[in-house]
A.B. asks: 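I have a structure here, written as structure tokens, and I will follow up with some questions on it.
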Amino acid sequence: MAVRQAVTWCYRGGSISAEPRINDRIRVPEVRLVGPSGEQVGIVPLAKALELAQEYDLDLVEVAATARPPVCKLMDYGKFKYESAMKAREARKNQAHTVIKEMKLRPKIDPHDYDTKKGHVVRFLKQGDKVKITIMFRGREQSRPELGFRLLQRLASDVEDLGFIESNPKQDGRNMIMVLGPHKKKTEAMAEAREAQAARKAERQGPTPDVESAGETAEAPAAADEAPADTPSEA
């Protein structure tokens with residue numbers, strides 16, 4: 001029973017840590033040591049590796065625990081953790097997630113509302129997102145599913161330069177659903193958005209003035225003012 005409880009506890013993560021063992025937490029007689037610059041020091045006793053770490057004012061970090069003997073490296077572990085966290089944060093920032101947006105329409109939608117809804121669909125597709133189009137039927141409209149089908153086909157045709165029908169129209173209870181997928185990938189859409197933003201920023205700042213030309217233009221009248229005036233000659 002005790003063994004089973006211990007196994008269950010370990011399985012649930014009680015004794016498993018994602019952090020590598022460092023310094024005094026390393027419990028092996030010898031290690032394969034890697035120096036601060038990546039140089040191979042060789043197999044040394046653990047005590048010697050800890051002594052070198054103290055001399056360099058660094059940490060002894062176990063980087064390959066399953067090797068025989070385990071591989072350890074001399075490094076600034078605090079700096080290593082900070083740089084790793086920053087890299088992971090930057091990777092998450094640049095990671096593209098395709099989002100499924102949803103747009104709801106009625107079968108007998110008026111032209112103005114249709115144009116507004118279509119504008120939202122266009123914007124979503126330009127951003128590289130999928131769009132779930134839902135036609136909502138009410139009352140007697142449920143007996144006319146062809147109205148919703150034609151509306152979905154019309155919308156897909158109007159935005160075919162930006163997206164395609166990923167999931168064909170299908171009835172789902174009192175609704176009819178179709179999914180549009182973007183032609184552009186999310187990463188491409190994000191890159192284009194950043195370029196457009198940079199272009200707008202540069203346009204707002206305006207062109208850089210030519211300082212030398214401006215100086216020459218300002219000095220020209222001064223030179224003309226300094227020119228000596230004609231003096232009448234004495235008779």
A.B. asks: Can you check whether Val122 reaches Leu162 side chain to side chain, under 4.5 Å on heavy atoms?
C.D. replies: yes
A.B. asks: Minimum heavy-atom separation for Val41 to Gly35, with atom names?
C.D. replies: CG2-N, 3.9 Å
A.B. asks: When rounded to the nearest 0.5 angstrom, what is the spacing between CG in Asn23 and CG in Asp59?
C.D. replies: 4.5 Å
A.B. asks: Does Pro145 reach the side chain of Phe149, with side-chain heavy atoms less than 4.5 Å apart?
C.D. replies: no
A.B. asks: Quick one, Val159 and Val131 - any side-chain contact, counting heavy atoms below 4.5 Å?
C.D. replies: no
A.B. asks: With sequence neighbours left out, write down each residue that passes side-chain contact (heavy atoms from CB on, under 4.5 Å) with Ser167, or none if nothing qualifies.
C.D. replies: Val179
A.B. asks: Compare every heavy atom of Pro70 with every heavy atom of Val28, then report the nearest pair and how far apart it is.
C.D. replies: CG1-CG, 3.9 Å
A.B. asks: Determine the minimum heavy-atom distance between Ile135 and Gly148, stating which atoms define it.
C.D. replies: CG2-CA, 3.9 Å
A.B. asks: When rounded to the nearest 0.5 angstrom, what is the spacing between NZ in Lys117 and CG in Leu155?
C.D. replies: 11.5 Å
A.B. asks: Does some side-chain heavy atom of Leu105 sit less than 4.5 Å from a side-chain heavy atom of Ile133?
C.D. replies: yes
A.B. asks: Are the side chains of Leu180 and Ile165 in contact, using a 4.5 Å heavy-atom criterion?
C.D. replies: yes
A.B. asks: Answer yes or no: does atom CG of Asp110 have more than 12 heavy-atom neighbours from other residues, nucleotides or ligands under 6.0 Å?
C.D. replies: yes
A.B. asks: Under 4.5 Å between any side-chain heavy atoms of Cys72 and Ile26, yes or no?
C.D. replies: yes
A.B. asks: Heavy-atom count around Glu166 CD within 6.0 Å, excluding the residue itself: above 12?
C.D. replies: yes
A.B. asks: Hydrophobic clusters here meaning ILVMFWY residues chained together by side-chain heavy-atom distances under 4.5 Å, can you tell me if Tyr114 and Phe137 are in one?
C.D. replies: yes
A.B. asks: Got a second to check how far His120's NE2 is from Leu125's CG, nearest 0.5 Å?
C.D. replies: 13.0 Å
A.B. asks: Please determine whether side-chain contact (heavy atoms from CB on, under 4.5 Å) holds for the pair Glu39 and Val34, giving the CA-CA distance in whole Å, both sets of side-chain angles, and the decisive distance to 0.1 Å.
C.D. replies: CA-CA 6 Å; Glu39 68 276 14; Val34 180; over 6 Å; no
A.B. asks: Can you find a heavy atom in the side chain of Thr116 that is under 4.5 Å from one in the side chain of His112?
C.D. replies: yes
A.B. asks: Going by the rule salt bridge (Lys or Arg N to Asp or Glu O under 4.0 Å), which residues pair with Arg106 if we only count those two or more places apart in sequence or in a different chain?
C.D. replies: Glu141
A.B. asks: Which residue pairs pass the salt bridge (charged side-chain N to carboxylate O under 4.0 Å, His left out) test when at least one of the two sits in residues 44-55, sequence neighbours left out?
C.D. replies: none
A.B. asks: Please list all pairs meeting salt bridge (charged side-chain N to carboxylate O under 4.0 Å, His left out) that have one or both residues in residues 60-88, counting only residues at least two apart or in different chains.
C.D. replies: Glu19-Lys81, Arg21-Glu62
A.B. asks: More than 12 non-hydrogen atoms from neighbouring residues, nucleotides or ligands closer than 6.0 Å to CG on Asp161, yes or no?
C.D. replies: yes
A.B. asks: Following the transitive rule for hydrophobic clusters with a side-chain heavy-atom cut-off under 4.5 Å over Ile, Leu, Val, Met, Phe, Trp and Tyr, establish whether Met136 and Leu151 coincide in one cluster.
C.D. replies: no
A.B. asks: Nearest heavy-atom pair of Glu30 and Pro69: which atoms, and what distance?
C.D. replies: O-CB, 3.5 Å
A.B. asks: Can you tell me if Lys126 has over 12 outside heavy atoms packed within less than 6.0 Å of its NZ?
C.D. replies: no
A.B. asks: Do other residues, nucleotides or ligands put more than 12 heavy atoms under 6.0 Å from the CZ atom of Arg174?
C.D. replies: no
A.B. asks: Are Arg200 and Arg204 close enough that some pair of their side-chain heavy atoms sits under 4.5 Å apart?
C.D. replies: yes
A.B. asks: Residues in side chain to side chain donor-acceptor pair (under 3.5 Å) with Asn175, at least two apart?
C.D. replies: none
A.B. asks: With rounding to the nearest 0.5 angstrom, report the NZ to CE distance, Lys101 to Met103.
C.D. replies: 9.5 Å
A.B. asks: Decide whether Leu52 and Tyr77 are clustered together by the hydrophobic rule: side chain heavy atoms of Ile, Leu, Val, Met, Phe, Trp, Tyr closer than 4.5 Å, transitively.
C.D. replies: no
A.B. asks: Same hydrophobic cluster for Leu33 and Leu58, using side-chain heavy-atom links shorter than 4.5 Å among ILVMFWY?
C.D. replies: yes
A.B. asks: Going by ring pair (Phe, Tyr, Trp, His ring centres under 6.0 Å), name the residues that satisfy it together with His183, two or more places apart in sequence or in a different chain.
C.D. replies: Phe164
A.B. asks: When rounded to the nearest 0.5 angstrom, what distance separates CG in Leu60 from CZ in Arg25?
C.D. replies: 12.0 Å
A.B. asks: Which value, rounded to the nearest 0.5 Å, describes the distance between Met176 atom CE and Gln171 atom CD?
C.D. replies: 4.5 Å
A.B. asks: Would you name the heavy atoms of Ser157 and Glu160 that are closest together and state the gap between them?
C.D. replies: O-CG, 3.2 Å
A.B. asks: Could you see if Leu152 belongs to whatever hydrophobic cluster contains Ile177? Use Ile, Leu, Val, Met, Phe, Trp, Tyr and a side-chain cutoff under 4.5 Å.
C.D. replies: no
A.B. asks: Is a salt bridge present between Lys201 and Glu203, judged by a nitrogen-to-oxygen distance below 4.0 Å?
C.D. replies: no
